[in-house]
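Below: one structure, written as structure tokens.
Quick note: numbers below take in every heavy atom, side chains included, and nothing from hydrogens, waters or symmetry partners. Computed from a predicted model, the values in this text were never measured in an experiment.
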Amino acid sequence: MIKEQQTIDSVTTVKEIVEQLAMTIPVTDMHTHLFSADFGDLLLWGIDELLIYHYLISESFRWSSDEETYEAFWAMSKREQADWIWNKLFIEHSPVSEAANGFITILHRLGLDVSSRNLNEYREVLANRTTAQQVDEVLRISNVKHVVMTNDPFDAVEREVWLNREGNTDSRFSAALRVDSLLNDWPNAVEHLRSLGYEASVEWTEQTKEEVRRFLSEWIVRIDALYLAVSMPGDFVYPAEDHRTRMIDEAMVPVCQKHGIPFALMIGVRRRVNPELRLAGDMSMDSDVSAVEALCRTYPTQKFLITMLARSNQHELTVLARKFRNLMVFGCWWFLHIESMVEEMTKFRLELLGTSVIPQHSDCRVFEQLIYKWEHSRRIIGQVLASKYERLYNSGWKVTEDEIKRDLDDLFNRNFWRFLGKEQPE
């Protein structure tokens, strides 16, 4: 028996309620490159960090002259780099790109006078805040209630926090264990493992396999990792007669199963197509979705969180998720985190998967980016969902406000926590 509830009696009201709730419901950001304040300088925030974000670096160089070299840019101080980017993208040209417009959204939502175009004034306002104060303020404005970090034990600075201090003490943050070098840079990973006291060798011996498993297990427990995470190149193939397949089959999946956590793969990056841009020089590339298919079929009881970088892979990946309940598609990653792509991908994901998807994650590297990435995405997701309710309404199916809240909470929170098999934090 369906509980009697008050249905909404007009399409206009449905749209208004959906879009209002989408903009205000608290969200879980299930993949970021952020840190809690416990990690000190690893937590990037503030005006200069926002401006020297790698999206804006590469965009700025499209307006540079031949005399303005990459070497000269990297020789500048952080403040000088920020001034140069501000000039190129905000003074000499209008900030209409997603990343540049996002910076303006951040300034506006922080209560700064965007019309003044006074960069030093913006710096002065934020300079009076502590890191902890800014974390609280940004989480309040963005209404992000839980942030999942990306944590790499091979990073010496971060490792120091986990080993010699209290680690993360902020309940609004959780960890995810990053394992890129184990899969993509094995010789270097072996050196790290040895330095940490694990008896590993480049050859894939039984001892090495056991030591990798021990490393993964110990760090999953130490940081209370919600999932194992890796960013993979677009040429990733599975299964194959190679190191990656051995690592996945004999170490990573068994450890994930032991601890009952998902394995998250972000597939489709091509690193440093322009090395002179450093971190800003990465690119996307087409991937083979059959690698994900093979993983899901080979390990039906192992859960996989998957996102892919190339637009060309999105529809096939979404169709694949209809076939495997151990596959959760998440987010519009990196170069897909622009308004047109978020709208397109949200539409066909809802049309193929209903609300059983995680439509977005921020992938933020600078803390204030939570503001614009979630504000822009919330608006689009709300509009797309409202259009689906409108079609239902026109067919005689009327939704209640509680049903709308349920669906949005699934999309923005519960689908992630349910997939983990964990209770959603209060």
Using 0.5 Å steps for rounding, measure from the NE2 atom of H243 to the CG atom of D185.
9.5 Å
For the side chain of Q369 and the backbone of V366, is there at least one donor-acceptor N/O pair under 3.5 Å apart?
yes
Does any N or O in the side chain of Q360 come within less than 3.5 Å of the main-chain N or O of C332, such that one atom is a donor and the other an acceptor?
yes
Does W74 have any ring-ring contact (aromatic ring centres under 6.0 Å, His included) partners at least two apart in sequence or in another chain, and if so, which?
none
Side-chain donor/acceptor pairs under 3.5 Å, residues 340-348, sequence neighbours excluded:
from : atom 1 : to   : atom 2 : distance (Å)
E343 : OE2    : K347 : NZ     : 3.4
E344 : OE1    : R311 : NH2    : 2.6
E344 : OE2    : R311 : NE     : 3.0
E344 : OE2    : R311 : NH2    : 3.4
T346 : OG1    : V342 : O      : 2.6

Not counting sequence neighbours, which residues clear salt bridge (charged side-chain N to carboxylate O under 4.0 Å, His left out) with E276? List them please.
none
Return yes if a side-chain donor-acceptor contact under 3.5 Å exists between T400 and D402, otherwise no.
no
Taking side chain as C-beta onward, heavy atoms only, is L228 less than 4.5 Å from V255?
no
Do you know the tightest heavy-atom contact between P262 and L305?
CB-CD1, 4.0 Å
Would you say the side chain of L51 lies within less than 4.5 Å of the side chain of Y53, judging by non-hydrogen atoms?
no
Residue pairs passing the ring-ring contact (aromatic ring centres under 6.0 Å, His included) test where at least one lies in residues 14-45, sequence neighbours excluded
H31-H33, H31-H361, F35-F39, F39-W162
Just jot down the ring-ring contact (aromatic ring centres under 6.0 Å, His included) partners of W86, sequence neighbours excluded, or say none.
F90
If we only count heavy atoms from C-beta on, is the I47 to V125 side-chain gap below 4.5 Å?
no
Between E160 and R165, does any side-chain N to carboxylate O distance fall below 4.0 Å?
no
Do H192 and S181 get their side chains close enough for a donor-acceptor pair, meaning under 3.5 Å?
no
Look at the aromatic rings of H54 and W334 and report parallel, tilted or perpendicular, splitting at 30° and 60°.
perpendicular
Is there a side-chain contact between W397 and Y389 (heavy atoms, below 4.5 Å)?
no
Can you list everything that forms a salt bridge (charged side-chain N to carboxylate O under 4.0 Å, His left out) with D152? Sequence neighbours excluded, please.
none
Interatomic distance, N313 atom CG to I306 atom CD1 [nearest 0.5 angstrom]:
11.5 Å
Short question: side chain of N413, backbone of P26 - any donor-acceptor pair under 3.5 Å?
yes
For the residue pair R172 and S36, establish whether any side-chain heavy-atom pair is separated by less than 4.5 Å.
no
Taking N143 for the side chain and T24 for the main chain, is one N or O donor matched with an acceptor at less than 3.5 Å?
yes
Look only at the side chain of S290 and the backbone of E293, and say whether a donor-acceptor pair between them is shorter than 3.5 Å.
no
Between S356 and L353 (side chain of the first, backbone of the second, donor and acceptor by atom type, cut-off under 3.5 Å), is there such a pair?
yes
Donor-acceptor contacts under 3.5 Å from residues 264-272 side chains, at least two apart:
from : atom 1 : to   : atom 2 : distance (Å)
R271 : NH1    : D282 : OD2    : 2.8
R271 : NH2    : S231 : OG     : 3.3

Testing E158, R159, R222 for side chain to side chain donor-acceptor pair (under 3.5 Å) with N151, which one passes?
E158
Is it true that D180 and R178 have a side-chain N and a carboxylate O under 4.0 angstrom from each other?
yes
Any residue meeting salt bridge (charged side-chain N to carboxylate O under 4.0 Å, His left out) with R117, in chain and number order, not counting sequence neighbours:
none
Are Y372 and N101 linked by a side-chain donor-acceptor pair shorter than 3.5 Å?
no
Do E98 and H337 get their side chains close enough for a donor-acceptor pair, meaning under 3.5 Å?
no
Taking salt bridge (Lys or Arg N to Asp or Glu O under 4.0 Å) as the cut-off, I'd like each qualifying pair that reaches into residues 68-84, sequence neighbours left out, listed once.
E49-K78, E68-K88, D83-R123
Given 3.5 Å as the limit, does a donor-acceptor pair link the side chain of S362 with the main chain of C364, or not?
yes
Donor-acceptor pair, side chain of N168 and main chain of F173, under 3.5 angstrom
yes
Is it the case that the side chain of R378 and the backbone of I25 share a donor-acceptor pair, with hydrogens and angles ignored and the cut-off at 3.5 Å?
yes
Interatomic spacing from OG1 in T105 to NE2 in H376 - rounded to 0.5 Å
3.0 Å
Could you walk me through whether Y238 and D249 pass the side chain to side chain donor-acceptor pair (under 3.5 Å) test, one step at a time?
CA-CA 10 Å; Y238 178 91; D249 286 346; 2.6 Å; yes
I'd like to check V157 versus L42 (side-chain heavy atoms, cut-off strictly below 4.5 Å). Are they in contact?
yes
Measure from NZ or CZ of K303 to the centre of the six-membered ring of F419, then state whether that distance is under 6.0 Å and the direction lies within 45° of the axis.
yes
Does the ring center of Y55 lie less than 6.0 Å from the ring center of F103?
no
In the structure I gave you, are the side-chain heavy atoms of Y227 and L177 within less than 4.5 Å of one another anywhere?
no
Just jot down the salt bridge (charged side-chain N to carboxylate O under 4.0 Å, His left out) partners of R379, sequence neighbours excluded, or say none.
E375
Give the ring-plane orientation class for F73 versus F61, where under 30° counts as parallel, over 60° as perpendicular and anything between as tilted.
perpendicular
How long is the gap from CD on E191 to CH2 on W186, to the nearest 0.5 Å?
10.5 Å
Just how far is it from atom CG of L43 to atom CD of Q134, taken to the nearest 0.5 Å?
9.5 Å
For the pair D410 and R418, find out whether any cationic side-chain nitrogen is under 4.0 Å from an anionic carboxylate oxygen.
yes
Do N274 and Y70 get their side chains close enough for a donor-acceptor pair, meaning under 3.5 Å?
yes
If the condition is side chain to side chain donor-acceptor pair (under 3.5 Å), which residues does Y198 pass it with, not counting sequence neighbours?
E218
Shortest non-hydrogen contact between N326 and C296, atoms and distance
ND2-O, 3.2 Å
Whether T150 side chain and T32 backbone form a donor-acceptor pair below 3.5 Å
yes
Start with the C-alpha gap between T28 and W417, add the side-chain angles, then the distance that decides, and say whether side chain to side chain donor-acceptor pair (under 3.5 Å) holds.
CA-CA 9 Å; T28 297; W417 295 104; 3.0 Å; yes
Going by the angle between their ring planes, with limits at 30° and 60°, are Y299 and F304 parallel, tilted or perpendicular?
tilted
Counting C-beta onward and ignoring hydrogens, is there a side-chain heavy-atom pair between E368 and L126 closer than 4.5 Å?
yes
Q424: which residues meet the side chain to side chain donor-acceptor pair (under 3.5 Å) condition with it, sequence neighbours left out?
none
State whether E137 and R140 are salt-bridged, where the test is any N-O pair (Lys NZ or Arg NE/NH1/NH2 against Asp/Glu carboxylate O) under 4.0 Å.
yes
Output the distance between atom OG1 (T245) and atom CG (D242), rounded to the nearest 0.5 Å.
4.0 Å
